[in-house]
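A short worksheet on the structure shown next.
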Amino acid sequence: MTTDSHPQPDKADVAILIVDDDPRNLFAVRETLEDLGAQLVLARSGEEALKHLLRQDFALILLDVHMPGMDGYETAELIRLREKSRHIPIIFLTAINKDETHIFRGYASGAVDYMFKPVDPQILKCKVAVFVDLYRKTEEVKREVEAKQRLLDENERVRREMRQAEQALRRSEERQALILSQLPIVLYTADLTPGIPFRYLSDTTETVLGCAAARFIEDPNFWESGLHPDDRSRVLRQLASIHDTGLTTVEYRWRGPDGGERHLLDQAVVVRDEDGKPTELFGTITDVTETRQAQQQLAHAQKMEMVGQLTGGIAHDFNNMLMVVIGSLERLVPGLADDPKAARRAEMALQAALRCSDMTRRLLTFARRQQLHPEPVDLGDLVAGMGELMERTLGGAVTIAIEAPSADAEPLWTASVDRSQAESALLNLVINARDAMPGGGTLRISTANTRFAEPQTGHGMSVPAGDYILLSVADSGCGMPAHVLERAFEPFFTTKETGKGTGLGLAMIHGFVKQSGGLIGIDSTPGAGTTFRLYLPRAAMDAVHGAGADEDGADEAFIGRGETVLVVDDDADVRSVAAQAVAALGYRVLEADGAEAALTLLDRQPVDLLFTDIVMPGGLNGRELALEGLRRHPSLRVLFASGYANGTTAPEPEAGASTDTGGTADPGAVLGAVLRRAETLSKPYRDGDLARALRRALDLQAPLAPAEVVRG
C-alpha cells in the first residue's frame, strides 16, 4: 500500500521515492523528510516502486535492501536497466546486510550511498537535501537551456520566414516586371502644365510606341506631333478637362517615327498632395491596335456572313427558277426539229440559262454554301473555259497568257477536285495578280503533270508521294516581301487598302487545296512578281466522263427500266419539270409536295428510289424525310437534289450503333452512313446528269434490306 504525506503533488517541483516493506520505517523516513518541500511517494515493495517509476520521474530513491519477494538489489538492477530511470540516484537503507560483500553489491547495483539502520535523521535529511537541491538546479538549468533553445528556434523561424518573404517579394517583383515588360502598356507621369509634358515613362515605351522614352521627355511636343490629325483637337481638349474632372480616358491614333499607326488607349488620373493640391498626372498608355483590328475584322466577317446568307438564299431561289427554265427548254428543243429558227432560239435560251447556272454556282462558292464534291476535272479545259471571264476581270492593261503543255509532252492528267472550288481559286489568284499589277503587266497561267517521288510539305500541308497536276499562276507585279509572304494565308490578313480586300481569298484557296489533298507553293520577289503553284491530286481514272456518256443527253446505258421513283419538291413547277424528266428516262413517277405526302405514298405502294429536294419549308427537310423513309422501308434508295444545302447534312450514326447491314440490323443504326453515301444532284441539272445520277443510285447503292424481303 502506498501512502503520501502530500496529497497535492502538482505543487511540488521534486519527488522522492521511499521503498520499505516496514510501515514504521516508511513513517519515520517520511516524518524526517517532510519539511524539504518535496513530494514523498511511499512503496511497500520493489514491484510497487517500479510501477511508480513508470508514472513519474524522481529526484532520489531511498531503497530498503532486505524485502520479501524482490529485494533492494534486484529492484535497483531493474531500475538501472530502464533508460528513463537509470539516471535517478539510489541510497540503500539496511539494518541487516552490513558486511563489505553486501556494501560492494549495493554500489555495484548502482547505489550512490549505503546507509545502515537505524539512520540518523539529520544525516539522512542532509544527504537527501543535497540530491533535492541538485535535482532542482539541474531542472532549472534544463529549463533555461530549453528556453534559450526555444528562443533560438523562434529566432531561426523568424529569420527563415523573413528570408522566404523576401524571396517571395523578389519573385513577385520579378514576375510583375516581366509581365509589365510583356504587356503593351506604358506607365507615365506628367506635369499638369499646358501641353502636359512627360516626366517619366516606363521601359516598355520603345516596344509600345516605337521610340525611346527619352525622346518624349526631351521634346515636350513630340507626343502631340504624332497624334492623328483627325484625333488631335479632340484628345487635347479632353486632356485639358482633366483639371476639372480629375481623371480621363481617351482613345486615339498615334503615328510613330517608323510611320506605323497605333491605336492607343490613354487613361490618366490627377495625383494630389496632402493639402489636396494637384501635383502631377499619373497614367497608362495601352496599345489596343490588335483589339481594334480584331473588332473590325469581326464586324467585317459578320457582314460577309450576312452577305453570304443573302447570296446563298438568292442563288437557291434562282436555281429553282433555272431548273424550270432549263428543264422546260430541254423538253422543248427536241420538238422544234422541224423549225430551225425556233430551235436555234430555244438553244440560245438554253445556253443563256446554263450560263446563269454557272453564275449561281459561283455565287454559292462565294457564299461558302457548297460542300466539296471532288470529281475528275481536266484543269487545262477548265483554264481555257474561264479565259473570257478572266480577260474581262483583268481589263485591258494586263495581258493574259494561257500556256498549254507542249505537243510532244505527255497528255495532261485529270485532277480530282471540286470544279466550282477550283474555278473560284483560279479566279481569286487572277484578281490578286491584277491588283499586284496596277500599272499593267503579264499574267501567265500554265498546267503540267508533276510526280513527287517523296512526301512533300509546305504552308501547313503535307502530301504523300504520287501524281499531281500543277496549276501555276505567275504575275509580273510588285511581289511580296518576306514578312508579308509568311502571313499570306492568314485569314483577314491583307496588304490592300480598306475596302479593296477582305483578306479571305488566299485563306479560302489554302483551305480548298488542303481539303482536296493538295499542296501550295509560292515564289515571290519584291519588284519581280509572284508565282502561285497549286499541286492538285490526280484522279484515279484520267477521264472526266464515262465512255460514251453524252454531256447534254442521256446515254442508252442510263435509261430507266421501269423502276418507281418518288419525286418530292415543295415547288410545284420544279417538281413538275423533274417528274417529266424522270418519266422521259423510262421510270414510273410518283409526285409529292412535301415530306408528309411522300411518307404516305411510301407506305401505300412500293417505291424503288426517293428523289427529294433537301431544303423544304415546314416539317421535315429532305434528309429527315430520307431518314424516316429508310426506317420504314430499308430497301429504299435515295437521291438528293438541292440548289443550296443550307447546313442540312447527313445525320451522324447513333452512339454505339452497329454498322452491320444484314437483314436483322436496325435501319436507324446505319442510316447516317447510308445517307452520307447518297449522291446530291445540284440544281439546275441537265437530263444527262439526272440520268446518270438515277442509275448510280439504283445500281450502286446497297439497300439496308432486299426489296423482296420488305415487300413480301
Side-chain angles (χ1 to χ4, degrees), residues 2-67 70-95 97-98 102-147:
T2 303
T3 60
D4 191 343
S5 62
H6 296 275
Q8 298 170 327
D10 291 342
K11 293 186 177 180
D13 60 348
V14 61
I16 300 172
L17 178 60
I18 305 170
V19 186
D20 200 308
D21 63 307
D22 190 339
R24 293 170 298 177
N25 291 338
L26 290 174
F27 177 78
V29 174
R30 185 184 67 183
E31 291 296 319
T32 301
L33 302 178
E34 64 181 354
D35 59 350
L36 292 179
Q39 177 190 1
L40 302 177
V41 178
L42 309 181
R44 295 283 300 273
S45 66
E47 292 85 351
E48 191 175 351
L50 292 175
K51 292 179 181 178
H52 284 294
L53 285 168
L54 292 174
R55 289 194 290 266
Q56 70 182 106
D57 193 19
F58 294 93
L60 179 67
I61 300 174
L62 298 177
L63 183 58
D64 186 23
V65 173
H66 186 72
M67 292 184 296
M70 184 186 298
D71 63 16
Y73 301 130
E74 293 173 336
T75 303
E77 289 173 355
L78 291 174
I79 291 172
R80 288 290 178 259
L81 288 175
R82 186 169 176 265
E83 183 67 28
K84 190 174 180 181
S85 60
R86 65 190 309 172
H87 67 284
I88 302 175
I90 298 175
I91 297 178
F92 278 119
L93 302 176
T94 183
N97 308 90
K98 298 181 179 181
H102 288 90
I103 295 173
F104 179 78
R105 184 180 178 188
Y107 282 111
S109 300
V112 296
D113 202 351
Y114 201 94
M115 299 182 68
F116 302 106
K117 297 177 183 179
V119 180
D120 186 322
Q122 191 63 32
I123 294 175
L124 177 62
K125 185 175 181 179
C126 290
K127 288 187 176 184
V128 171
V130 170
F131 286 104
V132 168
D133 289 342
L134 179 61
Y135 181 85
R136 284 174 173 158
K137 289 179 180 179
T138 301
E139 291 299 313
E140 183 179 354
V141 171
K142 286 181 179 179
R143 286 193 295 272
E144 290 177 354
V145 170
E146 290 174 355

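- Counting only heavy atoms from C-beta outward, the side chains of Tyr135 and Ile16 never approach each other to under 4.5 Å.
- Note on Asp20 versus Lys117: salt bridge recorded, some NZ/NE/NH1/NH2 to OD/OE distance being below 4.0 Å.
- Here the CZ-CG distance, from Arg44 to Asp64, works out to 11.5 Å after rounding to the nearest 0.5 Å.
- Across all non-hydrogen atoms, the minimal contact from Gln56 to Ala15 is NE2-CB, 3.5 Å.
- Taking each heavy atom of Leu42 and His52 in turn, the nearest pair found is O-NE2, 3.8 Å.
- Here the CG atom belonging to Leu93 is positioned 8.0 Å from the CG atom belonging to Leu63, to the nearest 0.5 angstrom.
- Atom CD1 of Ile123 is separated from atom CE of Met115 by 6.0 Å, given to the nearest 0.5 angstrom.
- Looking at heavy atoms from C-beta onward, Asp113 lies in side-chain contact with Tyr107 at the 4.5 angstrom threshold.
- Lys137 has no carboxylate O lying under 4.0 Å from a charged side-chain N of Glu140, or vice versa, which leaves the two without a salt bridge.
- The distance from atom CG of Leu50 to atom CG of Leu78, rounded to the nearest 0.5 Å, is 5.5 Å.
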Run the numbers on Phe131 and Leu62 for side chain to side chain contact (heavy atoms under 4.5 Å, CB included), then give the verdict. CA-CA 11 Å; Phe131 286 104; Leu62 298 177; over 6 Å; no
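- Across all non-hydrogen atoms, the minimal contact from Ile79 to Ser85 is O-OG, 2.8 Å.
- With values rounded to the nearest 0.5 angstrom, Asn25 atom CG is found 13.0 Å from Arg30 atom CZ.
- Among all heavy-atom pairs drawn from Met67 and Asp21, the shortest one is CG-OD1, 3.7 Å.
- Annotation: the span from Leu40 atom CG to Glu31 atom CD amounts to 10.0 Å, rounded to 0.5 Å.
- A pairwise comparison of heavy atoms in Phe92 and Ala76 identifies CZ-CB, 3.6 Å as the closest pair.
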Would Glu146 and Arg143 satisfy salt bridge (Lys or Arg N to Asp or Glu O under 4.0 Å), going step by step from the backbone distance to the final call? CA-CA 5 Å; Glu146 290 174 355; Arg143 286 193 295 272; over 6 Å; no
Side chain to side chain contact (heavy atoms under 4.5 Å, CB included) between Lys127 and Val112: does it pass, once the steps are laid out? CA-CA 11 Å; Lys127 288 187 176 184; Val112 296; over 6 Å; no
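- Here the side chain of Arg80 pairs a donor or acceptor atom with the backbone of Ile88 at under 3.5 angstrom.
- Remark: the backbone N or O of Leu53 is paired with a side-chain donor or acceptor of Arg82 at under 3.5 angstrom.
- With sequence neighbours excluded, no residue satisfies ring-ring contact (aromatic ring centres under 6.0 Å, His included) with Phe58.
- Using a 4.5 Å heavy-atom cutoff, the side chains of Lys125 and Asp35 are in contact.
- The heavy-atom pair separating Gly46 from Val19 by the smallest distance is N-CG1, 4.4 Å.
- Two residues are said to be in side-chain contact when any heavy atoms from C-beta on lie closer than 4.5 Å; Val65 and Arg105 fail this criterion.
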